[in-house]
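A short write-up of the structure that comes next.
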Amino acid sequence: MTASGEERAAAALSESGIEHTITRHGRVGSLEEAAAARGVEPRDIIKTLVVRRAEGEYVLVLVPGDRQISWPKLRSVLGVNRLSMPDAGTAREATGYERGTITPFGSTTAWPVVADVTMSGRTVSLGAGAHGVAVTAEADDVVRVLDARVADVTDPAG
């Protein structure tokens, strides 16, 4: 039997050895609701976005809740002229997770990870493979175990 997204994420987190807490809070309708349910600030919720770098090649970008990808910055960091966001089905094929549940932990393919520099030194909350399930951990531990590239790739949301 194939493990569920939540089981894959939990197993990968356990194997990583980092200190973490899994929170189950059910579905939420906004960033603010998710932050309240997880006991963190909205800026500490980290979205894992799947970005297409080339045909069949992706990168996972960790973006704080109060920020958005800066496409010029991300293109520069990755050394490419063109990036795009795949549709939900393609993102699921690339990671094994549906939108809203994507996490680098337990992704069916270990894509490179880029973490925005603003998440460094904080306790953060990421999706954990299922709707309403999250993992809280130290951002620096997350970056280390994922071998993430830390760079300035976002701008304030709005």
Side-chain angles (χ1 to χ4, degrees), residues 1-16 18-52 58-71 73-74 83-146 148 150 152-158:
M1 191 172 123
T2 305
S4 71
E6 182 179 352
E7 291 165 336
R8 280 199 332 272
L13 282 155
S14 290
E15 289 168 17
S16 77
I18 65 172
E19 199 172 302
H20 66 279
T21 305
I22 301 281
T23 306
R24 289 173 184 79
H25 54 69
R27 287 187 182 255
V28 292
S30 69
L31 176 67
E32 290 73 20
E33 280 182 37
R38 299 176 191 184
V40 298
E41 295 294 317
R43 72 186 197 102
D44 295 322
I45 294 207
I46 305 299
K47 302 170 282 195
T48 302
L49 302 179
V50 180
V51 175
R52 181 184 290 117
Y58 301 91
V59 61
L60 303 179
V61 184
L62 304 183
V63 179
D66 63 345
R67 300 187 68 81
Q68 62 191 15
I69 289 177
S70 164
W71 294 104
K73 289 178 184 178
L74 186 58
L83 295 167
S84 62
M85 298 281 289
D87 63 38
T90 304
R92 185 180 186 134
E93 286 174 25
T95 63
Y97 294 119
E98 63 181 89
R99 275 216 184 121
T101 73
I102 297 171
T103 178
F105 292 100
S107 175
T108 51
T109 300
W111 300 110
V113 178
V114 176
D116 188 65
V117 67
T118 63
M119 65 183 264
S120 297
R122 301 188 350 223
T123 300
V124 296
S125 180
L126 295 91
H131 289 286
V133 182
V135 57
T136 303
E138 292 302 315
D140 296 344
D141 289 342
V142 169
V143 164
R144 179 178 45 79
V145 300
L146 294 173
V150 177
D152 177 10
V153 295
T154 67
D155 289 323

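All residue numbers in this chain count up from 1 along the given sequence. As the structure is a computational prediction, the values presented were derived from the model and not from experiment.
Counting only residues at least two apart or on different chains, the ring pair (Phe, Tyr, Trp, His ring centres under 6.0 Å) pairs with a member in residues 102-122 are Y58-W111.
Put simply, the side chain of I18 reaches to within 4.5 Å of the side chain of R144, judged on heavy atoms. Contact check for P64 versus I46: side-chain heavy atoms found under the 4.5 Å cut-off. Counting heavy atoms from C-beta on, the side chains of T95 and L60 come closer than 4.5 Å. Side-chain contact check for D66 versus P156: every heavy-atom pair is 4.5 Å or farther apart. Contact of the R8 side chain with the T108 side chain is registered, since non-hydrogen atoms from C-beta on lie closer than 4.5 Å. In this structure, P104 and L62 have side chains that are in contact, with non-hydrogen atoms separated by less than 4.5 Å.
Listed for the T103 side chain is no donor-acceptor partner under 3.5 Å among the backbone atoms of G129. No donor-acceptor pair closer than 3.5 Å links the side chain of T123 to the backbone N or O of E138. Not one N or O on the side chain of R67 forms a donor-acceptor pair closer than 3.5 Å with the backbone of T118. Not one N or O on the side chain of R52 forms a donor-acceptor pair closer than 3.5 Å with the backbone of T90. D116 contributes a side-chain N or O that, together with a main-chain N or O of V153, makes up a donor-acceptor pair within less than 3.5 Å.
Atoms OG1 and CZ, from T23 and R38 in turn, are 7.5 Å apart once rounded to the nearest 0.5 Å. In this structure, E19 CD and T136 OG1 are separated by 11.5 Å, a value rounded to the nearest 0.5 Å. Residue L126 holds its CG atom at 6.0 Å from CE of M119, rounded to the nearest 0.5 Å. In this structure, CG in L31 is found 10.5 Å from CD in E41, a value given to the nearest 0.5 Å. Taking CZ of R99 as the reference point, atom CE of M85 lies at 6.0 Å (rounded to 0.5 Å). How far CG of L74 is from CG of L83: 5.0 Å, rounded to the nearest 0.5 Å.
Across all non-hydrogen atoms, the minimal contact from V28 to A37 is CG1-CB, 4.4 Å. In terms of heavy atoms, P112 sits closest to V59 at O-CG2, 3.2 Å. Heavy-atom minimum distance, S125 versus V40: CB-CG2, 4.3 Å. Considering all non-hydrogen atoms of both residues, A12 and G106 come closest at CB-N, 3.3 Å. Counting all heavy atoms, side chain and backbone alike, A91 lies closest to I102 at CB-CD1, 4.2 Å. Summarising the geometry of A148 relative to A115, their closest heavy-atom pair is CB-CB, 4.2 Å, with the distance given to 0.1 Å.
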Under the criterion side-chain contact (heavy atoms from CB on, under 4.5 Å), I'd like the reasoning laid out for I22 against L13: C-alpha separation, chi angles, the key distance, then a yes or no.
CA-CA 10 Å; I22 301 281; L13 282 155; 3.9 Å; yes
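With hydrogens and angles left out, the side-chain atoms of E33 and H25 include no donor and acceptor closer than 3.5 Å.
Using a cutoff of 4.0 Å between basic side-chain nitrogens and carboxylate oxygens, D155 and K73 are scored as salt-bridged.
Within 6.0 Å of the CD atom in Q68, the count of heavy atoms belonging to other residues, nucleotides or ligands exceeds 12.
Residues passing the side chain to side chain donor-acceptor pair (under 3.5 Å) test with E6, sequence neighbours excluded: R24.
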